Amino acid sequence: MRFNRIVFSLIALACVAVLGVALYMEHMMGLEPCPLCMLQRMAFVGVGLVALLAALIGPSGWGVRLGGGLMVIPALAGGGLAGRQLWLQNLPADQVPPCGPGYDYLRETFPLTEVIRMALEGDGSCAEIQWQFLGLSIPGWSFVLFALAALAGVGLLVVGAGRRHGLLD
């Protein structure tokens, strides 16, 4: 049970760190997040909240599987959003959709369902590569981190199931 609590805690801390870096890039480096970036942030919040709740509860058995499984859902959603943005970033210049209004304007002007629909479509601002590290753009790193979170969630599903059947005792 202690191992599970540590794993969930580390995942929650990693999500806090990712969100801190995103806020630093926005407010200190002046990088304007596109609507897809904002949705990816929400997915990191989802992964982090599930991991934090599981760490606080300190589950065992079915609770580990539940926490791991619930963590996989926002991780896969975030990975899909990051994948969509990577696809937009790799379009030929003549196929990039025109830039739309910023996320704040969308949120203040349109109903939530319309904001989500427009954000999922992405626009030219989502195709812009504003920063890279080791050859990966921001959504590239997000995709990697979401994949790691999903794998950790699946791992916790397996560990929880293995302990239930006496395989990991």
Side-chain angles (χ1 to χ4, degrees), residues 7-56 67-156:
V7 171
F8 281 122
S9 296
L10 289 174
I11 293 166
L13 285 173
C15 289
V16 168
V18 166
L19 292 167
V21 168
L23 291 172
Y24 177 84
M25 290 176 140
E26 178 181 357
H27 297 290
M28 301 305 285
M29 294 173 62
L31 302 180
E32 186 69 30
C34 74
L36 276 173
C37 292
M38 297 303 290
L39 291 177
Q40 288 171 63
R41 286 183 190 182
M42 290 179 208
F44 277 118
V45 168
V47 172
L49 283 176
V50 170
L52 177 64
L53 288 172
L56 292 173
L70 288 176
M71 198 172 64
V72 169
I73 296 167
L76 290 178
L81 293 166
R84 170 81 173 148
Q85 189 170 359
L86 286 168
W87 177 77
L88 287 169
Q89 287 183 343
N90 287 292
L91 283 174
D94 63 329
Q95 294 181 16
V96 172
C99 288
Y103 178 77
D104 290 334
Y105 176 82
L106 292 176
R107 192 176 38 108
E108 293 169 3
T109 309
F110 296 98
L112 180 61
T113 55
E114 189 67 12
V115 170
I116 292 171
R117 185 193 63 74
M118 288 189 281
L120 288 173
E121 288 177 2
D123 61 25
S125 67
C126 296
E128 182 182 342
I129 298 174
Q130 299 184 44
W131 179 89
Q132 282 188 311
F133 180 67
L134 298 176
L136 287 179
S137 63
I138 296 169
W141 283 107
S142 292
F143 187 85
V144 168
L145 295 172
F146 282 124
L148 290 173
L151 287 172
V154 170
L156 288 162

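Fair warning: this is a prediction, and the values are worked out from it, not measured in the lab. The first residue in the sequence is number 1, and the count goes up from there.
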Discussion item. What's the separation between atom CD in Glu114 and atom OG1 in Thr109, rounded to the nearest 0.5 Å?
Written reply: 11.5 Å
Worksheet item: Just wondering, are more than 12 heavy atoms of other shown residues or ligands nearer than 6.0 Å to CE in Met29?
Response: yes
Side-chain polar contacts of residues 134-155 - donor-acceptor pairs under 3.5 angstrom, sequence neighbours left out - could you list them?
residue: Ser137; atom: OG; partner: Gln89; partner atom: OE1; Å: 2.8
residue: Trp141; atom: NE1; partner: Phe133; partner atom: O; Å: 2.9
residue: Trp141; atom: NE1; partner: Leu136; partner atom: O; Å: 3.4
residue: Ser142; atom: OG; partner: Gln40; partner atom: OE1; Å: 3.4
residue: Ser142; atom: OG; partner: Ile138; partner atom: O; Å: 3.2

Worksheet entry | Non-hydrogen atoms of Met71 and Val47 that approach each other most closely | CG-CG1, 3.7 Å
Worksheet entry | From Leu19, Val50, Val18, Val16, residue fulfilling side-chain contact (heavy atoms from CB on, under 4.5 Å) relative to Val45 | Leu19
Discussion item. For the CG atom of Leu52 and the CD1 atom of Ile11, what is their distance to the nearest 0.5 Å?
Written reply: 11.5 Å
Response to the item:
Residue set satisfying side-chain contact (heavy atoms from CB on, under 4.5 Å) with Val21, at least two apart, ordered chain then number -> Met25
Practice prompt. Give the intermediate values and the outcome of side chain to side chain contact (heavy atoms under 4.5 Å, CB included) for residues Cys37 and Glu26.
Written response: CA-CA 11 Å; Cys37 292; Glu26 178 181 357; over 6 Å; no
Practice prompt. Go through Leu36 and Leu88 one step at a time and tell me if the side chain to side chain contact (heavy atoms under 4.5 Å, CB included) criterion holds.
Written response: CA-CA 11 Å; Leu36 276 173; Leu88 287 169; 3.8 Å; yes
Worksheet item: Which pair of heavy atoms, one from Cys15 and one from Gly48, lies closest together, and at what distance?
Response: SG-N, 3.6 Å
Worksheet item: Do you know which two heavy atoms are closest between Gly68 and Phe8, and how far apart they sit?
Response: N-CZ, 3.8 Å
